[in-house]
Amino acid sequence: MGMERRTVVKGAAWSLPVIAAAVAAPAAAASDGGEAACVPTQMHLDWARDYRRTGATAGSAAVGDGGTPIALTVTQAGIGANTRTGNQARTENLNLAVSSFAVGGTASAGLAIHQSPISNSRKAGSTSSAARIAENSQTIRFDFSEPVDRLSFLITDIDAAAYDYFDRVVIESGAAFTASSGGGSIVAGSGTTTDPLRAGRIEPVPETSGRANATVSFLEPVTSFSLTYQNVESRSNSRIDGDQAIFLSALSFTTTC
Ligand SMILES: [Ca+2]
Ligand SMILES: [Ca+2]
């Protein structure tokens with residue numbers, strides 16, 4: 001309950017400055033001789049509406065009104081030696097595809113990161129060496145065409161299933177951010193290299209559920225960030241396809257001046 005209350009307060013703190021800026025800007029424009037003032041515009045990147053996948057390792061999006069849309073490129077920046085995109089049976093590959101369902105208890109589709117081990121004998125556990133864990137991971141890079149402010153989104157479906165997968169996510173960026181779970185979420189961690197976002201217990205959570213969500217909020221303008229998606233379930237079972245997935249919710253941000 002404590003976490004839930006804190007999340008609600010944090011959400012309010014985020015929304016208030018946007019309103020304040022929008023109200024203050026016209027007054028500033030009027031007082032400085034009528035020069036056009038830049039008012040940050042609230043943007044909403046909806047994956048189903050704004051994004052096109054070009055393949056299992058890349059896609060791009062554009063959002064904004066005619067004049068100066070903000071572009072986002074999504075690229076696989078690296079993949080471990082024991083990891084492939086899609087599932088182990090090679091019958092489905094949703095990597096960097098838009099989900100066909102609303103993710104994480106939200107009303108919108110998400111961007112899927114979908115991968116699996118090449119060899120079950122080379123899977124990594126949570127206490128494996130960093131090198132072995134890197135073999136069982138994929139890094140996705142997100143690059144905006146210009147800095148955006150107040151970037152916030154959810155990473156959903158950070159869960160774990162025995163003998164199958166154990167999701168962990170590391171966020172890296174030159175810009176400061178916070179990442180934390182909300183009330184009722186099984187997710188632990190803060191998204192850093194030493195404290196990745198991860199399933200707080202072994203429990204497969206439905207992809208449409210909000211119970212395996214983390215909220216990522218950038219604290220300053222950001223041009224690029226990356227997500228490294230790891231599997232730290234070392235066990236396997238020949239009857240189980242050891243694939244794993246997480247999803248990014250719609251992105252919320254403002255333009256910068
Ligand atoms: Ca998952
Ligand atoms: Ca699986």
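Note that this is a predicted model, so its numbers are computed, not measured. One-based numbering, in listed order, for ligands and for the atoms of each. Each residue takes its place number in the sequence, starting with 1.
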Hey, which N, O or S atom on D167 ends up closest to the Ca ion (ligand 1)? OD2
Testing the basics here: between S252 and Q42, what is the closest heavy-atom pair and its distance to 0.1 Å? OG-NE2, 3.0 Å
Qualifying residue, where the test is side chain to side chain donor-acceptor pair (under 3.5 Å) with N136 and the options are N231, N82, T83: N82
Tell me whether R235 at atom CZ has more than 12 heavy atoms from other residues, nucleotides or ligands lying less than 6.0 Å away. yes
Name of the D157 atom (N/O/S only) found closest to the Ca ion (ligand 1): O
Between F253 and F144 (judged by ring centroids, cut-off 6.0 Å), do the two rings come close enough to count as a pair? yes
Just verifying a value: how many Å separate I246 CD1 and N213 CG, rounded to the nearest 0.5 Å? 11.5 Å
The Ca ion (ligand 1) to D159: nearest N/O/S atom name: OD1
Count of N, O or S atoms belonging to protein, less than 3.0 Å from the Ca ion (ligand 2): 5
Got a sec: is A199 within less than 3.0 Å of the Ca ion (ligand 1) via an N/O/S atom? no
Reference residue Q138; test side chain to side chain donor-acceptor pair (under 3.5 Å); the match among Q76, R84, H114: Q76
Assess the pair F225 and F153: is the distance between their ring centroids shorter than 6.0 Å? yes
How long is the straight-line distance from OG of S185 back to CG of L197, given to the nearest 0.5 Å? 9.0 Å
